[in-house]
Participant: 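So that we are looking at the same thing, I have put the structure below in structure tokens.
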Number of protein chains: 2
Amino acid sequence: MARSASAMRGQILESALRLFAVHGFRGTSLQDIASDAGCSKASLLYHFAGKEKILTELLTPAQDAVAALLDRVAGLEGGRLVEETVVGYVDVALLFRRQIRLLFEDIAEMSCHQDLSVMELADGLLDALAGRSQRAPARVAAWMVLGAVFITSATDDEVVPDDVLRAEMIRSALRTLDHPPS
Amino acid sequence: MARSASAMRGQILESALRLFAVHGFRGTSLQDIASDAGCSKASLLYHFAGKEKILTELLTPAQDAVAALLDRVAGLEGGRLVEETVVGYVDVALLFRRQIRLLFEDIAEMSCHQDLSVMELADGLLDALAGRSQRAPARVAAWMVLGAVFITSATDDEVVPDDVLRAEMIRSALRTLDHPPS
DNA sequence: GTCAGTTCTGACCGATCGGACAGTTATGGT
DNA sequence: ACCATAACTGTCCGATCGGTCAGAACTGAC
């Protein structure tokens with residue numbers, strides 16, 4: 001066969017991205033990628049120095065986009081800074097959503113593989129956070145709160161004390177949901 | 001030794017939770033847990049039917065807590081529903097933050113193991129989203145936006161069209177940051 | 001002391017996976 | 001036609017890991 005180098009490389013990257021997004025990085029073997037791309041596993045390792053290098057090449061454009069965004073807002077301040085950053089970040093995230101998804105698939109597969117009914121619980125939480133509304137604005141805001149609290153809890157910013165963190169998370173979440181302070 | 005069954009089980013669970021939270025579920029082998037708990041790998045598998053069962057036992061209390069929360073807010077509606085759900089969810093998330101962290105460590109280790117400087121970029125994004133403020137409310141809100149957009153992008157709620165999703169994500173994020181609409 | 005039952009362990013197994021390597025096939029320049 | 005180089009492959013290897021199993025060590029009841 002011996003097609004041109006760039007063609008095979010592109011095919012490998014595309015197969016890898018798709019399989020990673022479905023089964024996660026660790027859940028996808030080099031053989032899986034090779035079979036999907038239509039070449040041998042050895043051919044994979046001819047084009048890429050290792051499995052991680054494939055992931056790196058897949059993630060680098062997203063990293064560059066964020067770096068470019070940070071560069072673009074470097075000189076701004078105040079309201080313009082926040083607005084531009086938010087819009088830019090959302091656009092980058094949506095542009096590279098498949099890459100983001102591949103990061104989560106390992107988690108999802110791990111959570112679902114057992115008898116835990118996390119999905120049902122997440123749905124219930126989503127409904128309640130959206131105030132039982134099915135409208136898009138409420139549902140999107142609920143999704144964001146779900147993710148925001150989840151990730152923020154996992155971080156350990158030892159600068160912020162726990163009680164302050166709790167209070168600010170609640171306030172922020174209620175703002176996200178457009179809920180007037182009581 | 002042959003200590004009482006519950007003592008060894010508890011020791012194993014504690015070691016597993018700590019190691020999972022540091023190296024992730026997949027990044028921790030049964031041998032690692034056994035060494036940390038001070039027993040043999042075979043003894044692990046005497047107390048737990050498999051590696052996943054350990055994870056299940058670690059995650060079940062958190063699942064039960066969420067289920068209890070959903071049960072508690074089942075009869076509420078309107079403002080009370082949202083408030084109770086948010087406060088309850090934040091409390092559960094903070095209570096089980098180590099369990100949540102273990103879910104993310106696999107991602108973190110995967111992202112950091114390569115030459116990508118994701119941490120610096122995340123910090124830069126955090127600063128910009130917080131409007132260069134170092135105050136706790138701004139930083140917590142920035143963290144939440146960071147996680148919210150990240151997770152929401154990874155979900156595919158095919159009910160909401162992409163352009164609507166983008167607009168609502170931006171609006172929600174700006175609300176989270178307490179940014180007045182322009 | 002005896003014995004049944006629980007707890008624990010060393011040794012082993014099968015499977016999987018990432019990667020190495022020598023050799024083969026195709027390509028393009030001359 | 002020739003050949004250097006790039007592209008590709010089959011095969012093998014070492015390491016890791018989850019899990020099994022027969023049997024040892026310990027315990028408490030009698």
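To find a chain, count down the sequence lines: A is the first, B the second, and so on, and within it residues start at 1.
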Participant: Where the side chain of L30(A) is defined as all heavy atoms beyond and including C-beta, which of dA7(D), dG19(C), dT9(C) is the nearest nucleotide?
Facilitator: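 Out of dA7(D), dG19(C), dT9(C), the nucleotide with an atom closest to L30(A)'s side chain is dG19(C).
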Participant: Ion pair present between R80(B) and E83(B), side-chain N to carboxylate O less than 4.0 angstrom?
Facilitator: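 Looking at R80(B) and E83(B), the cut-off is not met.
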Participant: From CD of Q31(A) over to C1' of dG19(C), roughly how many Å is that when rounded to an integer?
Facilitator: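 After rounding, the reported distance stands at 13 Å.
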Participant: Looking at dG19(D), does its base get a donor-acceptor pair with the side chain of K51(B) below 3.5 Å?
Facilitator: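 No such pair is found, so the answer is no.
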Participant: Is any side-chain nitrogen or oxygen of H47(B) closer than 4.0 Å to OP1 or OP2 of dT6(C)?
Facilitator: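 The answer is no; no side-chain N or O of H47(B) sits under 4.0 Å from OP1 or OP2.
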Participant: Is any side-chain nitrogen or oxygen of S43(B) closer than 4.0 Å to OP1 or OP2 of dT9(C)?
Facilitator: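 For dT9(C), OP1/OP2 do have a side-chain N/O of S43(B) under 4.0 Å.
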Participant: Take the protein atom CD of E52(B) and the nucleotide atom P of dG18(D), then report the distance between them rounded to whole Å.
Facilitator: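 My rounded result for the distance is 11 Å.
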Participant: Tell me: CE of M8(A) to P of dA26(C), nearest whole Å?
Facilitator: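 After rounding, the gap between these two atoms is 16 Å.
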Participant: Take the protein atom CG of L44(A) and the nucleotide atom P of dT9(D), then report the distance between them rounded to whole Å.
Facilitator: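 In whole Å, dT9(D) P and L44(A) CG are 10 Å from each other.
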Participant: Could you tell me how far apart K41(A) (NZ) and dC21(C) (C1') are, to the nearest whole angstrom?
Facilitator: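 The answer, rounded to whole Å, is 13 Å.
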Participant: Please determine whether the number of non-hydrogen atoms from other residues, nucleotides or ligands lying under 6.0 Å from atom CD of Q31(A) exceeds 12.
Facilitator: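 More than 12 within 6.0 Å, yes.
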Participant: Using a strict 4.0 Å threshold on nitrogen-to-oxygen distance, state whether R132(B) and E77(A) make a salt bridge.
Facilitator: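 Looking at E77(A) together with R132(B), the answer is no, because their closest N to O distance does not fall below 4.0 Å.
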Participant: Nearest to the side chain of A42(B), heavy atoms from C-beta on, is which of dG10(C), dG10(D), dC17(D)?
Facilitator: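 The answer is dG10(C), which lies nearest to the side chain.
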Participant: Reckon Y46(A) has a side-chain N or O less than 4.0 Å from the OP1 or OP2 of dC8(D)?
Facilitator: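 Result: no.
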Participant: Could you tell me whether a side-chain N or O of R26(B) sits under 3.5 Å from a main-chain N or O of D106(B), the two making a donor and an acceptor?
Facilitator: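 Not at all, since once roles are kept as given, no pair shorter than 3.5 Å links the two residues.
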Participant: Calculate the interatomic distance between L55(B) atom CG and dG18(D) atom C1'; express it in whole Å.
Facilitator: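 Checked: the CG to C1' distance equals 15 Å.
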Participant: Nearest to the side chain of L45(B), heavy atoms from C-beta on, is which of dT9(C), dG19(C), dT20(D)?
Facilitator: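 Side chain of L45(B) sits closest to dT20(D).
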Participant: Regarding D32(B) and R18(B), does a basic nitrogen lie under 4.0 Å from an acidic carboxylate oxygen?
Facilitator: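 Looking at D32(B) and R18(B), the cut-off is not met.
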Participant: If I take atom CG in residue D32(A) and atom P in nucleotide dT16(C), what distance separates them, rounded to the nearest angstrom?
Facilitator: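 So the two atoms are 11 Å apart, to the nearest Å.
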Participant: Round to a whole Å and report the spacing from CD1 of I33(B) to P of dG19(D).
Facilitator: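 Roughly 11 Å, once rounded to whole Å.
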